[in-house]
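Following: one structure in structure tokens, then a few remarks.
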Amino acid sequence: MELSLYNTLSRKKELFVPLNPPFAGMYVCGPTVYGDPHLGHARPAITFDLVFRYLKHLGYKVRYVRNITDVGHLENDADEGEDKIGKKARLEQLEPMEIVQYYTDRYHRFMDQLNVLRPSIEPRASGHIIEQIEMIKKILEEGYAYISNGSVYFDVTKYNEKYAYGKLSGRILDDMISSNRELDGQEEKHNSFDFALWKKAQPEHIMRWPSPWSEGFPGWHLECSAMSTKYLGEQFDIHGGGMDLMFPHHECEIAQSTASTGKESVKYWLHNNMITINGQKMGKSLGNFITLEEFFTGSNALLDKAYAPMTIRFFILQAHYRGTLDFSNEALLAAEKGLKRLSQAYETLQKIQPTENANSSLVEIKDNCYKALNDDLNSPMVMAQLFECARIINSANDGKESINESDKLILNEIFQVFCFDILGLSFEADNNQSEIIDNIMQLVISLRKDARTNKDFVTSDKIRNELDKIKIQLKDTRDGTEWSVVE
RNA sequence: GGUCUCGUGGCCGAGCGGCUAGGCACCGGUCUGCAAAACCGACUACUCCGGUUCAAAUCCGGACGAGACCUCCA
């Protein structure tokens, strides 16, 4: 059985056949770096990390491109309002690129913690102004754009005469025209659904570049078309992103690429669904989002406690990527315990004594894992198989089932391949370990205090001496006992 | 208003025509100085109303409910 992926374009699962095997190209819309990454950023990152990892596992040479949007993404109504990054820079009195650097670094740091692999190429919009200008020229030459007061707009009506604008999101242009709302400040456009390719900068606008039309900046949708073409070619295999980007962003990308090359640029469009909180989308505008930092530290009123990065990865992968996923402390706690169960079973497996008899169900488990992944990346199903492994291991450990030497190898392989390599889970102790150690030390210290109170100095000295041997030093001060590690 | 999704047990979530995943919680038991973990068992659901079928959570129609997009959001 081979890999099938749900293609938004056809609304069906399709067999994945790359354009140029053994190569596979994937472009995913990355973050606009004007704020801290939140749970909503984690979902596409992890979803497409899974795609990336699985394609590599299948033997493809994958080029994974994920952009950083650092210019052109505007605040308000269609193609009006302030640049998101420019605004943040103004508010914080920083250079826009300082904002970009700061939040890009933060994004990387938190994605690393979630064990999300870095993409092959991570291009920035501001670093590809020339490519974007060239693409605009091409679209103008082809007659699908017009210049208006120093700005350039994509002519959707003209494009729709030859191609189908709206085919990805299932929209019909005529319907859009009839139900369209008039917005203010759009006198430069022929139609409100036309979108900016180049915007002339207002005097107060900080980020600006020279172009044949005006000093200004590129439209938001353009960077993805320009950069995907540059690094993956005019036609490539997979384009991914959040469902909320389907319209207008991805629709506009299709229009731009098609208008400039005359070709269908993307073969498979993949979209991950949203994370909800109390049934409602978690989003910036709703103010109900929780940043990853808050998750890792527990510092948000919606959180009962801090959750480890792996718990969040597990939580996200336990749902299929195309379904909504509802956040709650109860669900996170369940994920945390589930992850622990897997990790303890894996530990048990390493220590287990093999038996004579073999276990018959392991081949089927491995098979089921591949079946699940091939069926549009059904990660929850893979997890269920891992839990089946855990059950077998624990039962064997209790002497109720058998695992021979070769079964042990197969089980280890299943964990290695599916759990670690493909799902990207890891069982390593995470960053709150120091907190755990400190808690342990406080316990030891209080035991020693009890011993001293009872004048049981044999015990109290034993504690201090034994700790000293492992380079932990205790100091009795007026305010209590302190501990530190001696180098 | 338009377009499109979705409604599964206490919670989260698979399933896509017959064989009724999985995790967490709860309950009973084994084990244990006591806990915890582990194991065994119990609970076993598909919003409602029609239809198709030998057979429907699963297909079709309708009702109700929820959500997403149509404006920035992953």
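Chain naming here is simple, since letters A, B, ... match the order of the sequence lines and numbering starts at 1 in each. Owing to the predicted nature of the structure, the values given are computational and were not obtained by experimental measurement.
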Determine, stepwise, if the pair A:Glu401 / A:Arg391 fulfils salt bridge (Lys or Arg N to Asp or Glu O under 4.0 Å). CA-CA 10 Å; A:Glu401 252 182 88; A:Arg391 210 215 86 239; 2.4 Å; yes
5′-ward residue of the pair A:Ala331/A:Asn394 relative to RNA chain B: A:Ala331
Distance, rounded to the nearest Å, where A:Leu332 contributes CG and B:rA25 contributes P: 14 Å
Between N or O atoms, less than 3.5 Å apart, protein on one side and nucleotides 3-10 of chain B on the other: list the pairs.
unit_1 : atom_1 : unit_2   : atom_2 : d
B:rU3  : O2'    : A:Gly170 : O      : 3.4

I'd like a list of close polar pairs between nucleotides 14-16 of chain B and the protein, N/O only, cut-off under 3.5 Å.
unit_1 : atom_1 : unit_2   : atom_2 : d
B:rA14 : OP1    : A:His320 : N      : 2.6
B:rA14 : O3'    : A:Asn378 : ND2    : 3.2
B:rG15 : OP1    : A:Asn378 : ND2    : 2.9

Does A:Glu347 come within less than 4.0 Å of A:Lys340, counting only side-chain N to carboxylate O? no
Give me the ring orientation class for A:Phe154 and A:Tyr144: parallel if the planes are under 30° apart, tilted from 30 to 60°, perpendicular past 60°. parallel
What nucleic acid atoms does A:Lys281 come within less than 4.0 Å of, heavy atoms only: base, sugar-phosphate, or nothing? base
Looking at A:Glu122 and A:Arg118, is there a salt bridge between them, counting it only when a charged N and a carboxylate O are closer than 4.0 Å? no
Touch check for A:Leu245, heavy atoms < 4.0 angstrom, all strands: base, sugar-phosphate only, or nothing? sugar-phosphate
Check this for me: does any side-chain nitrogen of one of A:Glu293 and A:Arg106 sit under 4.0 Å from a carboxylate oxygen of the other? yes
Whole-Å distance separating the CD1 atom of A:Ile393 from the P atom of B:rA38: 13 Å
Under 3.5 Å, is there a donor-acceptor pair between the A:Asn404 and A:Ser402 side chains? no
Determine yes or no for a side-chain-to-main-chain donor-acceptor pair under 3.5 angstrom, with A:Asn454 supplying the side chain and A:Asp450 the backbone. yes
Salt-bridge test for A:Arg53 and A:Asp49: reply yes if a basic N is under 4.0 Å from a carboxylate O, no otherwise. yes
Give each stem of RNA chain B as a range with a range, requiring at least 3 consecutive Watson-Crick or G-U wobble pairs whose two distances are under 3.5 Å. B:1-7 with B:64-70, B:10-12 with B:22-24, B:27-30 with B:38-41, B:47-51 with B:59-63
On RNA chain B, compare the nucleotides closest to A:Ile392 and A:Gln280; which residue's is nearer the 5' end? A:Ile392
Could you tell me whether the side chain of A:Met111 reaches within less than 4.5 Å of the side chain of A:Leu292, counting heavy atoms only? yes
Look at all strands and tell whether A:Met282 reaches a base, only sugar-phosphate, or nothing, counting heavy atoms closer than 4.0 Å. base
Using a cut-off of 4.0 Å on non-hydrogen atoms, how would the nucleic acid contact of A:Ile172 be classed: base, sugar-phosphate, or nothing? nothing
Atom pairs, N/O to N/O, protein against nucleotides 29-34 of chain B, distance under 3.5 Å?
none

Do the non-hydrogen side-chain atoms of A:Leu55 and A:Ile238 ever get within less than 4.5 Å of each other? yes
Partner of A:Asp376 by salt bridge (charged side-chain N to carboxylate O under 4.0 Å, His left out), out of A:Lys12, A:Arg322, A:Lys371: A:Arg322
List the residues meeting side chain to side chain contact (heavy atoms under 4.5 Å, CB included) with A:Glu251, not counting sequence neighbours, and say none if there are none. A:Tyr165, A:Lys167, A:Leu168, A:Ser169, A:Phe247, A:Ile254
Those residues that, when tested against A:Asn288, pass side chain to side chain contact (heavy atoms under 4.5 Å, CB included) (two or more places apart): A:Ile277, A:Gln280, A:Met282, A:Leu286
Considering every strand and a 4.0 Å limit on heavy-atom distances, what is the contact class for A:Gly242: base, sugar-phosphate, or nothing? sugar-phosphate
Mind calculating the distance between CZ (A:Phe418) and C1' (B:rG22) to the nearest angstrom? 17 Å
